[in-house]
Amino acid sequence: MSLKLYNTMGHKIEEFKPIKEGFVGFYGCGPTVYNYAHIGNLRAYVFLDTLDRTLTFLGYDKKHVMNITDVGHLTGDSDDGEDKMVKTAEEKHQTVMDIAKFYTDAFFNDIDRLNILRPDVTCKATEHINEMIELIKKIEANGHTYMAGGNLYFDVSTYDKYGKLANLQLDELMEGAGRRKEVVIDENKRNPQDFALWFTKSKFQNQALVWDSPWGKGYPGWHIECSAMSMKYLGKHFDIHTGGIDHVPVHHTNEIAQSEGSFSEEDAKEGPWVNYWLHNEFLVLQGATKMSKSSGNFLTLQSLVDKGYNPLDYRFFLLGAHYRKQILFSWDAMDGAKKSREALIGRIIKVCNDQNVLKTASDKKFAKGQASSKDGLSPKASEYIDKFIAALENDLMTPVALSLIQKVVKDNELNPEEKIELVARMDSVIGLKLLSTAADTVEQEAKKAAVNPHQGDPEAPEIDALVAQRTEAKKAKDFSRCDEIRDILKARGITVTDTPNGPVWTRV
């Protein structure tokens with residue numbers, strides 16, 4: 001079997017064939033850092049992390065690139081509204097760069113808590129303005145642009161494949177836009193779907209961040225950054241582009257148009273800009289629509305932590321559904337995920353309660369393809385690896401992959417060493433830190449036992465009370481009472497030793 005992925009461009013499951021054998025270049029749309037990421041946003045990065053880990057598990061070399069949008073994203077995806085970064089900066093009376101740094105740090109703190117691997121390359125829009133300008137020049141030279149009202153726009157009518165990703169017909173889009181009287185249309189645009197490549201001060205007189213360009217002092221449109229930065233780090237043609245399903249009709253559709261609109265004839269002959277488009281579905285709040293910062297109906301990861309959940313409870317919750325299925329979020333569902341994750345860790349501890357063994361296994365690093373190798377495994381263990389591979393190769397079927405880990409720890413035909421080895425290998429993809437959490441739990445329980453060696457003994461409270469009475473009797477020099485208590489304890493198999501730190505009792 002080979003890796004198969006649902007390609008939004010073809011609207012079907014396709015066998016994955018990288019441009020360069022054994023190597024995958026992929027780009028994931030990153031955050032716009034004007035507010036905290038909500039848990040719906042974070043679903044995209046758990047999905048992207050699963051893809052990243054799966055590629056390593058299956059033996060691919062890879063290069064994972066992600067952008068940080070710190071300029072140019074308006075409150076509306078179609079060039080309408082205010083600049084998100086500027087809007088937040090004005091509300092908080094801070095600079096745009098201060099806002100960007102604060103929320104960038106907050107974002108990376110969230111993905112670290114979710115055990116999401118850092119991308120191989122993280123690139124900020126503000127640090128790649130020159131690359132955007134150079135790309136826009138190529139688009140302009142190919143006849144896809146026009147100036148209007150001081151801004152440079154991409155003319156979608158010049159790109160005959162516009163809307164293919166979303167299965168949209170351009171003429172129908174234009175006709176529909178004309179009927180929607182409530183839609184505020186930028187009067188500078190020739191067509192409603194045209195989009196800005198470069199804004200000048202004619203759009204926002206008080207724009208905080210502006211740069212010199214051939215079209216005037218201004219700043220880039222939102223869409224151009226992803227094209228420019230992905231091409232810089234992955235080349236003009238790469239394998240996979242990911243994002244949320246909401247990016248399909250506008251952002252990713254426009255990315256394709258401008259990217260391929262920059263191609264020379266030779267570039268176009270080599271193939272499309274991106275071969276595989278992968279999109280995760282929405283997370284929906286119970287009783288609401290999809291999560292949205294603008295509507296105010298969203299939860300942050302910290303809000304889950306404040307309610308007593310571990311961030312990995314949320315990761316467990318997400319992995320229990322396929323990335324292309326919409327998920328209904330509820331506190332009951334989170335309770336279920338929390339209990340299931342903790343129960344799984346508890347079963348792992350029953351398999352092996354040696355903290356050193358668990359820690360050593362959790363620290364093991366797997367090179368590409370090493371975790372999926374069956375060398376040295378028993379036939380039963382090899383069967384589990386085969387099933388795990390099959391689940392991943394079936395469009396990243398994480399619910400099946402997660403259930404296999406649960407089956408491994410319950411399977412009496414596997415010895416403890418094999419169970420721990422399989423959990424380590426499978427968790428290199430699932431990313432729940434199962435063994436390290438189990439090791440930490442064992443260590444914590446050992447520390448508790450050292451402080452209170454009789455924890456869990458049902459008779460301990462009664463015996464503690466008798467020992468305390470003995471101590472008080474000794475202070476009062478009531479030796480007959482001391483002897484009476486000693487005999488009671490002795491009859492129950494308890495001996496008491498007086499130490500500098502006080503009396504300690506043990507069972508004989």
Side-chain angles (χ1 to χ4, degrees), residues 46 49 108-117 300-320 331 333-366 402 405-411 414-465 467-468 497 499-507:
V46 172
D49 185 54
F108 281 115
N109 180 52
D110 281 346
I111 69 169
D112 288 345
R113 290 193 289 177
L114 285 167
N115 197 28
I116 294 171
L117 300 175
T300 63
L301 186 64
Q302 185 59 44
S303 65
L304 303 190
V305 173
D306 292 341
K307 280 189 169 287
Y309 298 102
N310 187 302
L312 295 178
D313 294 332
Y314 182 58
R315 184 178 180 112
F316 190 103
F317 166 73
L318 292 177
L319 294 173
W331 296 115
M334 278 300 298
D335 286 342
K338 177 182 176 67
K339 290 176 182 176
S340 295
R341 188 184 69 86
E342 290 176 348
L344 178 55
I345 291 167
R347 287 192 290 270
I348 290 170
I349 292 172
K350 286 183 179 180
V351 171
C352 175
N353 63 359
D354 187 320
Q355 190 259 344
N356 291 325
V357 171
L358 291 168
K359 188 69 168 64
T360 299
S362 69
D363 287 342
K364 186 176 181 180
K365 304 299 182 185
F366 295 99
L402 187 56
I405 297 181
Q406 294 170 316
K407 290 177 181 178
V408 161
V409 297
K410 295 178 182 178
D411 194 331
L414 294 169
N415 63 49
E417 292 77 14
E418 283 187 311
K419 288 182 180 183
I420 297 303
E421 176 67 16
L422 286 174
V423 170
R425 292 184 183 208
M426 293 177 176
D427 201 34
S428 70
V429 177
I430 297 301
L432 289 170
K433 302 174 75 170
L434 295 171
L435 296 180
S436 61
T437 303
D440 290 343
T441 302
V442 171
E443 183 180 24
Q444 290 166 10
E445 291 301 319
K447 288 180 179 179
K448 288 180 183 177
V451 174
N452 182 8
H454 308 299
Q455 184 178 15
D457 187 331
E459 294 183 320
E462 185 180 349
I463 295 170
D464 287 339
V467 171
T497 303
T499 74
N501 295 320
V504 176
W505 63 267
T506 56
R507 291 189 182 275

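Side chains included, hydrogens not; waters and symmetry mates left out as well; all remaining heavy atoms used. These figures come from a predicted structure and were not determined experimentally.
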Novice: If we only count heavy atoms from C-beta on, is the R315 to L432 side-chain gap below 4.5 Å?
Specialist: yes
Novice: Do I463 and R507 pass the side-chain contact (heavy atoms from CB on, under 4.5 Å) test, and can you show the C-alpha distance, the side-chain angles, and the key distance before you say yes or no?
Specialist: CA-CA 11 Å; I463 295 170; R507 291 189 182 275; 3.8 Å; yes
Novice: Counting N and O atoms only, with roles assigned by atom type, does the side chain of K433 sit under 3.5 Å from a partner on the main chain of L312, one being a donor and the other an acceptor?
Specialist: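 Not at all, since once roles are kept as given, no pair shorter than 3.5 Å links the two residues.
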Novice: Roughly how far apart are D335 CG and D313 CG, rounded to 0.5 Å?
Specialist: 9.5 Å
Novice: If you measure from OG1 on T300 to CD on Q302, what distance do you get to the nearest 0.5 Å?
Specialist: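 So the OG1 of T300 and the CD of Q302 are separated by 6.5 Å.
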Novice: Which heavy atom of L114 sits nearest to which heavy atom of V46, and what is that distance?
Specialist: CD1-CG2, 4.4 Å
Novice: Please report the shortest heavy-atom distance between S436 and S362, naming the atom on each side.
Specialist: N-CB, 3.4 Å
Novice: Regarding D440 and Q444, do their side chains bring together a donor and an acceptor under 3.5 Å, going by distance alone?
Specialist: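 On atom types as modelled, these side chains do not qualify, holding no pair under 3.5 Å.
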Novice: So with a 6.0 Å cut-off around CD of Q406, is the heavy-atom count from everything else above 12?
Specialist: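 Check passes, neighbour count above 12.
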Novice: Which pair of non-hydrogen atoms, one from N115 and one from G431, has the smallest distance, and what is that distance?
Specialist: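 Reported closest heavy-atom pair: ND2-O, 2.9 Å.
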Novice: Just how far is it from atom NZ of K419 to atom NZ of K410, taken to the nearest 0.5 Å?
Specialist: 11.0 Å
Novice: Report yes if some heavy atom in the side chain of V305 is under 4.5 Å from a heavy atom in the side chain of P311; otherwise report no.
Specialist: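 V305 reaches P311 side chain to side chain.
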Novice: Please report the shortest heavy-atom distance between V467 and P503, naming the atom on each side.
Specialist: CG1-CG, 3.8 Å
Novice: How long is the gap from CD1 on I349 to CG on D354, to the nearest 0.5 Å?
Specialist: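 Reported value, rounded in 0.5 Å steps: 12.0 Å.
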Novice: Looking at every heavy atom in both A438 and I345, which two are closest together, and how far apart are they?
Specialist: CA-CG2, 3.9 Å
Novice: Measure the shortest side-chain to side-chain distance between I430 and F316 over non-hydrogen atoms and say whether it is less than 4.5 angstrom.
Specialist: no
Novice: Taking NZ, NE, NH1 and NH2 as the nitrogens, is one of them in K359 or D363 under 4.0 Å from a carboxylate oxygen of the other?
Specialist: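 Judged by the 4.0 Å cut-off on N to carboxylate O distance, K359 and D363 do form a salt bridge.
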Novice: Hey, what do you get for CG (N109) to CD1 (I111), rounding to the nearest 0.5 Å?
Specialist: 9.5 Å
Novice: Is a side-chain donor or acceptor of K364 paired with a backbone partner of R425 at a separation under 3.5 angstrom?
Specialist: no
Novice: Can you check whether I405 reaches L344 side chain to side chain, under 4.5 Å on heavy atoms?
Specialist: yes
Novice: Looking at V423, T437, T441, V442, which hits side chain to side chain contact (heavy atoms under 4.5 Å, CB included) with I348?
Specialist: V423
Novice: Under the criterion side-chain contact (heavy atoms from CB on, under 4.5 Å), I'd like the reasoning laid out for L304 against W331: C-alpha separation, chi angles, the key distance, then a yes or no.
Specialist: CA-CA 9 Å; L304 303 190; W331 296 115; 3.5 Å; yes
Novice: Look at D110 together with R113 and state whether they make a salt bridge at an N to O cut-off of under 4.0 Å.
Specialist: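 Judged by the 4.0 Å cut-off on N to carboxylate O distance, D110 and R113 do form a salt bridge.
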Novice: For a quick test of reading the model, state the closest non-hydrogen atom pair linking A424 to F366 and the distance between them.
Specialist: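 Minimum heavy-atom separation between A424 and F366: O-CE1, 3.5 Å.
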Novice: Can you tell me how far apart CD (E459) and CG (D464) are? Round to the nearest 0.5 Å.
Specialist: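 Rounded to the nearest 0.5 Å, the CD-CG separation comes out at 11.5 Å.
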Novice: Report the C-alpha separation of R347 and V351 in whole Å, then their side-chain angles, then the decisive distance to 0.1 Å, and conclude whether the side-chain contact (heavy atoms from CB on, under 4.5 Å) test is met.
Specialist: CA-CA 6 Å; R347 287 192 290 270; V351 171; 5.7 Å; no
